[in-house]
Amino acid sequence: MLLTPSAGDPEHKRSKSRTAQPVIVWFRRDLRLADHPALTAATAAGAPVIPVFVLDPETEALGAASKWRLGRSLADLAARLKRRGLTLTLRRGPALDVLRSLVAETGAAAVHWSRLYAPDWVARDKAVKARLTADGIAVESHPGHLIHEPWAVATRSGGPFKVFGAFWRAMRMLEVPSPLRTPQRLVAPGEWPVSDRLEEWRLDAAVDRGGSVLARFADASGEDAARHRLGAFIEQDLAGYPAGRDRPGLSATSRLSAHLTWGEISPNTVWRAASRAREAGVVGAEVFLQELAWREFAWHLLWHTPEIATANWNKSWNGFPWRADSDDAERWRRGETGEPMVDAGMREMFVTGTMHNRARMLVASYLTKHLMTDWKIGLNWFANCLTDWDPAANALNWQWVAGSGPDAAPYFRIFNPTIQAQRFDPDGRYRRRFVAGFDGAGGAEAQAYFEAIPRSWRMSATGAYPKPMVNLHEARARALVEYQAHRAAPDFRLAGIPD
Ligand code: FAD
């Protein structure tokens with residue numbers, strides 16, 4: 001369907017007519033203006049630019065917290081563009097249909113975007129590129145979501161790395177280009193296409209009651225917030241990162257993951273800032289750079305072996321007797337296991353949209369080992385609740401903990417929640433902050449949890465904190481028996497290579 005601009009629409013603006021054919025920039029997970037190769041290329045020839053975001057079925061399928069966070073990020077991008085005289089055009093529908101409509105309406109000569117690497121998105125982008133090219137439109141995809149393209153970090157034989165250590169050694173030798181500046185000159189088209197209104201999309205609808213809680217406790221979103229976060233982290237926390245990053249009660253990590261997920265800051269910008277600190281002798285910088293490399297490793301693996309998103313990377317785990325969904329898994333989702341360190345992580349995720357990495361590893365280990373539950377059940381819950389959800393990091397890390405992934409944790413590493421709490425939350429600060437009833441009423445976040453969760457869960461701040469749902473010792477022993485039996489099977493290969 002071709003849409004025509006309506007003069008009454010406040011999003012619709014006319015400016016003095018220009019003759020050059022406009023160029024469309026299709027924004028996806030690159031919601032920034034700085035260090036944006038696609039935007040820079042689109043503006044290079046001085047043609048008018050039409051920035052577009054499409055709420056397509058792939059985006060509609062995102063988890064509740066992801067969509068909530070996307071709404072915030074889009075609002076920031078739209079405001080930023082507006083200040084530079086451009087309107088972010090919002091359209092709903094399959095990306096190909098929307099883009100073809102927009103090309104027809106605006107006479108655009110080219111479409112640019114930043115490449116993505118998850119299987120569904122790759123398939124969509126390929127189809128869009130093929131059809132638009134056949135229509136005679138110039139289509140250009142650009143880097144920007146990763147520091148290095150997945151095919152650019154390769155073993156001597158040209159294949160992908162399957163072990164992080166080797167990947168890291170190869171990656172740290174590669175040049176990382178300086179970030180690009182925000183294009184100075186952004187030219188508006190003679191006429192703006194009609195746009196949906198962001199509020200009409202109700203991107204916050206799926207978080208239901210949790211939206212107002214997230215608004216209170218989630219980190220700020222947007223390009224300025226991302227840049228500010230990076231600066232504050234480098235200045236205040238980078239030096240102490242190696243020691244502090246495992247302490248969920250402290251704010252010692254960068255908290256950049258949602259900014260990176262939504263592309264509010266480029267990974268190159270983060271990498272270069274940490275590299276400069278490393279060159280200046282800040283010891284913590286090397287460890288931080290390695291964490292950024294884990295993000296790259298995850299995306300490279302997903303691109304080379306897309307099945308890692310939903311299936312055991314090591315096929316030897318296919319027959320493992322993980323339990324399907326159960327009441328136990330439901331108690332895990334609700335942060336009602338009776339293990340305060342596990343519940344603190346699960347409740348932190350509901351209240352803030354994120355979870356400390358130490359807690360992510362612990363809750364994943366508890367679900368897959370103490371509860372012997374399929375890692376995909378945890379993966380899906382994280383996808384629904386995380387504002388920084390990214391299909392690569394989520395899949396690689398779940399499989400790493402469960403044991404089925406590349407370079408995975410040894411099967412006998414079963415995190416003990418009590419010992420983890422003693423080592424990484426010795427003063428109980430993290431548990432008090434998120435768990436009411438652990439040691440008094442808990443912090444503001446602990447109370448807000450009960451405002452955020454669905455009423456049907458029937459949990460209240462005044463209810464008693466539950467007793468542990470499993471005996472840790474027995475559950476660990478059961479998991480070890482199953483893991484050992486499975487590994488003893490004749491066709492089991494520890495470092496299984498996917499088919
Ligand atoms: P920092 O410690 O400051 O690290 C800097 C950046 O490095 C992060 O922002 C992130 O982009 C990257 N990074 C750090 N650790 C990892 C890692 N283990 N794997 C990949 N990248 C990493 N991270 C996501 O961004 N999205 C997810 O959906 C996600 N799911 C996870 C699921 C599980 C089971 C586990 C154990 C980890 C998951 N992680 C995920 C990785 C990690 O927990 C988060 O990236 C980190 O907690 C974000 O906090 P930060 O930005 O302060 O990290």
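Computed from a predicted model, the values in this text were never measured in an experiment. Whatever order the structure lists ligands and atoms in, that order sets their numbers, starting from 1.
- Distance from atom 28 (O) of ligand 1 to its nearest protein heavy atom, with residue and atom name: D390 N, 3.1 Å.
- Among the atoms of W398, none of the N or O lies under 3.5 angstrom from an N or O of ligand 1.
- Within the listing of ligand 1, atoms 11 (O), 20 (C), 21 (N) sit less than 4.0 angstrom from a heavy atom of R295.
- Donor-acceptor pairing under 3.5 Å is recorded for the side chains of N312 and W375.
- Set against the non-hydrogen atoms of L260, the atoms of ligand 1 under 4.0 Å away are 9 (O), 11 (O).
- Given atom 32 (C) of ligand 1, the protein heavy atom at minimum distance is N394 OD1, 3.4 Å.
- Under the 3.5 Å distance criterion, the side-chain polar atoms of D425 are matched with a main-chain donor or acceptor of R429.
- Between S141 and R115, the side chains place a donor N or O and an acceptor N or O closer than 3.5 Å (distance only, hydrogens not considered).
- Near L256, the atoms of ligand 1 lying under 4.0 angstrom from a non-hydrogen atom of the residue are 9 (O), 51 (O).
- Using a 30° and 60° split on the angle between ring planes, W457 and F350 fall in the tilted class, from 30° to 60°.
- Atom 42 (C) of ligand 1 has its nearest heavy-atom neighbour, among D388, T387, N357, L289, in N357.
- By the 4.0 Å heavy-atom criterion, R255 is counted among the residues contacting ligand 1.
- Within a 6.0 Å sphere centred on CZ of R423, other residues, nucleotides and ligands contribute 12 heavy atoms or fewer.
- When the shell of 6.0 Å around CG of D427 is examined, it contains more than 12 heavy atoms from other residues, nucleotides or ligands.
- Heavy-atom distances between Y241 and ligand 1 reach below 4.0 Å in at least one pair.
- Taking only non-hydrogen atoms, the option from L386, N397, T354 nearest to atom 41 (C) of ligand 1 is N397.
- At the top of the distance list for atom 6 (C) of ligand 1, counting protein heavy atoms only, stands L292 CD2, 3.9 Å.
- Taking the centre of each ring, W294 and W168 stay at or above the 6.0 Å mark.
- At a 4.0 Å heavy-atom cut-off, ligand 1 touches F382 through the side chain alone.
- Within the structure, the closest approach of F288 to ligand 1 falls below 4.0 Å when heavy atoms are considered.
- Side-chain contact annotation: N314 with S316, donor-acceptor N/O pair under 3.5 Å present.
- The protein atom (non-hydrogen) at minimum distance from atom 23 (N) of ligand 1 is A393 CB, 3.7 Å.
- Ion pairing of E348 with R433 is absent here, as no side-chain N (NZ or NE/NH1/NH2) approaches a carboxylate O to less than 4.0 Å.
- Evaluated by nearest non-hydrogen atom to atom 49 (O) of ligand 1, the leading choice among A395, G244, S257, S66 is S257.
- For atom 13 (N) of ligand 1, the closest non-hydrogen atom of the protein is E291 O, 3.4 Å.
- Using a 4.0 Å cut-off between charged side-chain N and carboxylate O, R202 and D204 make a salt bridge.
- When T387, D219, L203, L386 are each tested for a side-chain contact (heavy atoms from CB on, under 4.5 Å) with R69, only one passes: T387.
- Those atoms of ligand 1 with a heavy atom of W294 less than 4.0 angstrom away are 17 (C), 19 (N), 20 (C), 21 (N).
- In terms of protein heavy atoms, atom 3 (O) of ligand 1 is closest to S254 OG, 2.6 Å.
- Here the protein heavy atom with the shortest distance to atom 29 (C) of ligand 1 is R360 NH1, 3.3 Å.
- Between F288 and Y241, the gap from one ring centroid to the other is short of 6.0 Å.
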